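Sequence lines set the chain letters: A, B, ... in the order given, protein chains first and strands last, and positions in each chain run from 1. If you're wondering where the values come from, they're calculated on a predicted model, not measured in any experiment.
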2 protein chains.
Amino acid sequence: MVTRKVSIADIGERAGLSITTVSRVLNGKAEQYRIGKKSQQKIKEAAEELEYIPNYFASNLKSGKSRTIAIIVPSLTNPFFAGFASEINSEVRRFGYISIIGDSDENNETEKLELQQMVSRNIEGLIIAPCGNQFEHLKKLYEQGLPIVCIDRYFEHLDIPYVSTDNYDGAVTATKHLIENGHSLITCIQGIQQSTPNLLRIKGFKDAMEDAGIKSYNVVGDDFTIQNGYLETKLLLQQKEIPTAIFTLSNTIAMGCIKALKENNIRIPQDVSVITYDDHQYLDFLETPITCIAQPVSDISKIAIKFLFSRLSNDENRTKQVLLKPEIKIKKSVRKIN
Amino acid sequence: MVTRKVSIADIGERAGLSITTVSRVLNGKAEQYRIGKKSQQKIKEAAEELEYIPNYFASNLKSGKSRTIAIIVPSLTNPFFAGFASEINSEVRRFGYISIIGDSDENNETEKLELQQMVSRNIEGLIIAPCGNQFEHLKKLYEQGLPIVCIDRYFEHLDIPYVSTDNYDGAVTATKHLIENGHSLITCIQGIQQSTPNLLRIKGFKDAMEDAGIKSYNVVGDDFTIQNGYLETKLLLQQKEIPTAIFTLSNTIAMGCIKALKENNIRIPQDVSVITYDDHQYLDFLETPITCIAQPVSDISKIAIKFLFSRLSNDENRTKQVLLKPEIKIKKSVRKIN
DNA sequence: TGATTTTGTACAAACGTTGATGCAAATATA
DNA sequence: TATATTTGCATCAACGTTTGTACAAAATCA
């Protein structure tokens with residue numbers, strides 16, 4: 001900025017009052033410090049006229065409070081996570097906070113670097129969908145006192161709060177839906193293998209299969225990306241025996257899968273049925289709307305924010321871990337077979 | 001944070017050197033101030049051991065530099081803008097800066113509020129896709145010396161730098177494509193009417209139509225949203241004469257349009273052809289991949305950042321306004337008719 | 001050997017806030 | 001009327017940096 005900024009000193013001068021008084025009025029502590037009505041009025045007017053904009057850096061330096069929350073998601077271009085970012089971003093502002101958004105690009109090192117940067121900005125809290133199964137850096141920060149809430153992905157054996165969905169339940173529901181529609185030759189394309197949601201989804205898948213007496217099934221893949229979905233599907237299609245249904249463990253995997261199927265002229269659901277974890281807007285616009293296990297993004301975001309701010313205000317330490325019920329949204333990608 | 005943070009004073013103590021010296025070494029000004037090699041070494045080691053993380057608030061307060069860039073887009077859940085946010089976000093970090101992302105929600109007031117918040121954080125620069133045709137707040141900030149670069153949407157008659165695509169050219173290309181495929185009954189669904197890109201696209205559309213000797217055409221709509229696309233298409237379908245082709249001026253409008261067509265069992269392109277401005281990943285996965293005028297998001301982002309940082313470092317004031325060439329991506333949504 | 005230059009570092013004053021403390025003036029109480 | 005209380009505000013010292021300046025000690029020179 002070229003023009004010098006207006007400081008509370010300028011306001012004080014104009015109003016004929018001290019810096020301290022200005023600070024108190026502008027911070028809503030007028031009552032607490034018994035500042036007279038007239039003085040309050042004068043200060044507010046002066047601030048208005050001078051178009052005062054507080055300098056957060058100065059106030060943070062003094063107070064140690066940055067009024068900043070960090071959000072880290074694995075990929076902003078994934079509409080599922082963009083949804084989280086957007087929701088949380090606007091929710092945070094309602095508390096007078098601001099958020100800085102980081103994109104870890106599904107890369108642990110990037111995640112750490114982002115986090116470092118953010119910590120040096122004195123973030124007061126962090127909402128993160130961790131990209132991998134590494135958690136040391138998070139654990140350390142959490143133990144140092146940084147409030148953290150994990151969303152979507154989390155770590156079962158740590159006491160870092162999280163808000164996610166019941167991944168096991170969702171996977172069971174999805175698998176049962178396929179089985180009820182007559183499928184038994186099912187392949188599951190998974191994401192990052194050691195991540196908690198993935199483990200639980202796989203467990204749900206396996207349990208549902210075995211409960212139905214189906215002993216043989218395939219689990220392939222290793223990443224929550226379009227490429228992984230595409231590649232694994234391409235490989236699948238080269239096998240002698242093509243499954244009648246595919247269960248993809250994320251919307252990105254689903255997109256890759258669909259692309260591969262389309263390239264090979266395999267129709268959904270006539271030739272292969274598809275069901276996926278995660279919903280998003282664009283899933284409805286596809287050639288065949290894809291049946292999915294939808295996570296309540298908005299609810300998760302709001303609860304996560306609530307956890308974070310209750311921790312920030314009450315300094316309440318009780319670890320909160322919540323799993324919401326996912327919902328199956330039946331669209332048109334699963335065919336009933338004999 | 002509960003544990004007290006490490007300050008340069010702690011490092012100084014450990015290294016047996018003064019705060020000043022520590023600051024200079026850590027800021028790479030050791031040579032300039034002739035700090036001895038040994039001292040540099042000691043300081044770096046101490047910083048390492050103590051896991052020093054600089055306090056940006058203090059340094060910014062003193063230096064006035066926040067190393068923060070603001071990004072404001074109309075909607076983070078629109079993959080087109082999420083793409084910008086993601087690109088710019090990571091690009092900015094390469095300069096040692098951080099970015100804060102705002103979502104104006106296509107609302108002028110929200111945009112102003114976001115901006116206010118950001119300015120109070122001493123942002124050093126702003127990259128914005130303004131939501132409307134109001135620009136006073138931007139103009140003012142720009143004149144006060146805040147470096148601003150507009151992307152996608154901009155203001156023709158202001159000297160605020162911008163990076164966008166040649167909207168006129170893109171619209172002409174799209175319209176010609178329809179005409180060459182035999183269409184003459186074409187409706188255009190537009191976005192925010194007074195916005196520069198919209199005006200230019202409409203101009204391109206009209207010019208192309210009239211150049212082809214087509215006198216009668218429709219322009220409807222007033223918002224870059226899915227709802228607008230949906231509603232206007234619904235209305236269109238109630239008319240006696242349904243157009244043979246629809247030209248939507250954004251990907252969101254296109255999605256709404258497609259939804260409405262689908263609901264009414266109107267096939268693309270057999271019954272109605274569709275072409276749209278803006279590309280994105282998911283457009284390829286639709287039932288009928290939609291032919292579109294693609295904007296080079298990555299290039300735009302990179303150039304915008306380049307403009308911003310050249311301004312920041314050289315304090316170079318030359319206004320830079322660039323229009324990149326959009327590219328038509330022919331997919332399957334336009335049918336050749338007699 | 002004394003004067004001059006170079007080298008290496010420290011001191012102290014900001015930056016714009018906040019918060020503890022202090023102290024008159026105004027008001028209430030005895 | 002003298003004392004106690006309340007009201008309304010100002011003074012001052014931080015917060016963790018950066019930066020202009022000052023100043024010994026070491027090295028060089030005459």
Side-chain angles (χ1 to χ4, degrees), chain A residues 1 3-44 46-47 50-68 96 119-122 124, chain B residues 1 3-44 46-47 50-68 96 119-122 124:
Chain A
M1 303 294 272
T3 47
R4 208 176 53 77
K5 293 236 179 114
V6 176
S7 78
I8 54 172
D10 300 318
I11 298 179
E13 200 178 335
R14 189 174 185 116
L17 290 162
S18 82
I19 293 182
T20 313
T21 307
V22 175
S23 169
R24 289 182 171 146
V25 170
L26 263 28
N27 283 301
K29 298 189 179 166
E31 299 312 315
Q32 185 184 338
Y33 286 95
R34 303 168 314 222
I35 310 297
K37 293 288 173 206
K38 272 186 204 162
S39 299
Q40 291 190 37
Q41 188 60 24
K42 271 196 279 185
I43 287 169
K44 281 176 185 162
L50 296 173
E51 299 187 330
Y52 170 69
I53 294 180
N55 181 337
Y56 270 99
F57 286 89
S59 106
N60 294 336
L61 176 57
K62 187 64 179 99
S63 65
K65 299 287 157 204
S66 63
R67 307 205 135 247
T68 302
V119 168
S120 75
R121 308 245 160 179
N122 287 359
E124 288 184 41
Chain B
M1 303 294 273
T3 47
R4 207 177 54 79
K5 291 237 179 113
V6 176
S7 77
I8 54 172
D10 300 319
I11 298 179
E13 200 178 336
R14 190 176 186 114
L17 290 162
S18 80
I19 293 180
T20 312
T21 308
V22 174
S23 168
R24 290 184 169 142
V25 169
L26 262 28
N27 283 299
K29 298 189 178 166
E31 300 312 314
Q32 186 184 338
Y33 287 95
R34 304 168 314 221
I35 311 294
K37 295 286 172 207
K38 272 186 204 161
S39 300
Q40 291 189 37
Q41 188 61 24
K42 271 195 281 186
I43 287 170
K44 282 176 186 163
L50 295 174
E51 300 186 331
Y52 170 68
I53 294 180
N55 181 334
Y56 272 97
F57 289 93
S59 96
N60 171 59
L61 176 58
K62 189 64 181 94
S63 66
K65 298 288 157 204
S66 62
R67 307 205 136 246
T68 302
V119 168
S120 75
R121 308 238 160 185
N122 287 2
E124 290 184 40

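Contacts of B:F57 classified as ring-ring contact (aromatic ring centres under 6.0 Å, His included), with partners at least two apart in sequence or in another chain: A:F57. Partners of B:N122 under the side-chain hydrogen bond (donor to acceptor under 3.5 Å, both in side chains) rule, at least two apart in sequence or in another chain, are A:K5.
Looking only at atom types and distance, the side chain of A:N55 has no donor-acceptor partner in the side chain of A:S59 under 3.5 Å away.
For the pair B:I8 CD1 and D:dC15 P, the computed distance is 13 Å after rounding to whole Å. Taking atom NZ of residue A:K65 and atom P of nucleotide D:dC15, one finds them 16 Å apart after rounding to whole Å. One can place CG of B:L61 at 12 Å from P of C:dT18, the figure rounded to the nearest angstrom. Rounded to whole angstrom, the span from the CD1 atom of A:I19 across to the C1' atom of C:dA20 amounts to 16 Å. Note: CD1 (A:I43) to P (D:dG8) measures 13 Å, nearest angstrom.
An OP1 or OP2 oxygen of D:dT18 is reached within less than 4.0 angstrom by a side-chain nitrogen or oxygen of B:S23. Residue A:T21 places none of its side-chain N or O atoms closer than 4.0 Å to OP1 or OP2 of D:dC9. Put simply, B:K29 has a side-chain N or O that comes within less than 4.0 Å of OP1 or OP2 on D:dT19.
With contacts defined as side-chain heavy-atom distances shorter than 4.5 Å, the pair B:T20/B:Y33 does not qualify. At least one side-chain heavy atom of B:R121 sits less than 4.5 Å from a side-chain heavy atom of A:T68. Residues B:I11 and B:L26 are in side-chain contact: their nearest non-hydrogen atoms beyond the backbone lie under 4.5 Å apart.
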Exercise. Kindly determine whether A:S18 and A:T21 satisfy side-chain hydrogen bond (donor to acceptor under 3.5 Å, both in side chains), including the steps that lead there.
Key: CA-CA 5 Å; A:S18 82; A:T21 307; 3.1 Å; yes
Quiz item: Given the rule in the side chain to side chain contact (heavy atoms under 4.5 Å, CB included) test, do A:V6 and A:E51 qualify, once you have shown the distances and angles that lead to the verdict?
Solution: CA-CA 8 Å; A:V6 176; A:E51 299 187 330; 5.9 Å; no
Practice problem: Given side chain to side chain contact (heavy atoms under 4.5 Å, CB included), test B:R67 with B:N60 step by step and report yes or no. | Solution: CA-CA 8 Å; B:R67 307 205 136 246; B:N60 171 59; over 6 Å; no
Practice problem: Assess whether salt bridge (charged side-chain N to carboxylate O under 4.0 Å, His left out) is satisfied between B:K42 and B:E13, documenting all intermediate values. | Solution: CA-CA 11 Å; B:K42 271 195 281 186; B:E13 200 178 336; over 6 Å; no
Could you list, one pair per line, each protein nitrogen or oxygen that sits under 3.5 Å from a nitrogen or oxygen of nucleotides 21-28 of chain D, together with the distance?
none

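Of all the residues in residues 51-59 of chain B, B:Y52, B:N55, B:A58, B:S59 reach under 4.0 Å from DNA chain D with at least one non-hydrogen atom. Near DNA chain C, meaning a heavy atom under 4.0 Å from it, residues 35-42 of chain B has B:I35, B:G36, B:S39 in order of number.
Looking at every heavy atom in both residues, A:I35 comes nearest to A:Q40 through O-NE2, 3.0 Å. Between B:L61 and A:A58 the shortest heavy-atom distance is CD1-CB, 3.7 Å. The nearest pair of heavy atoms linking B:S39 to B:L17 is CB-CD1, 3.6 Å.
The side chain of A:L17 approaches D:dC9 more closely than any other nucleotide in the set D:dC9, C:dT17, D:dT19. Checking C:dT18, D:dT17, D:dT11 against every side-chain atom of B:S7, the shortest atom distance belongs to D:dT17.
Atoms CD1 and OG, from A:I8 and A:S23 in turn, are 5.0 Å apart once rounded to the nearest 0.5 Å.
Nucleic acid contact for A:N60: none, since no nucleic acid atom lies under 4.0 Å from a heavy atom of the residue.
The base of C:dG19 sits within donor-acceptor range of the side chain of A:T20, with an N or O pair under 3.5 Å.
Each end of the helix from C:dT1-D:dA30 to C:dA30-D:dT1 gets its own axis from five base pairs, and the two axes differ in direction by 50°, given to 10 degrees.
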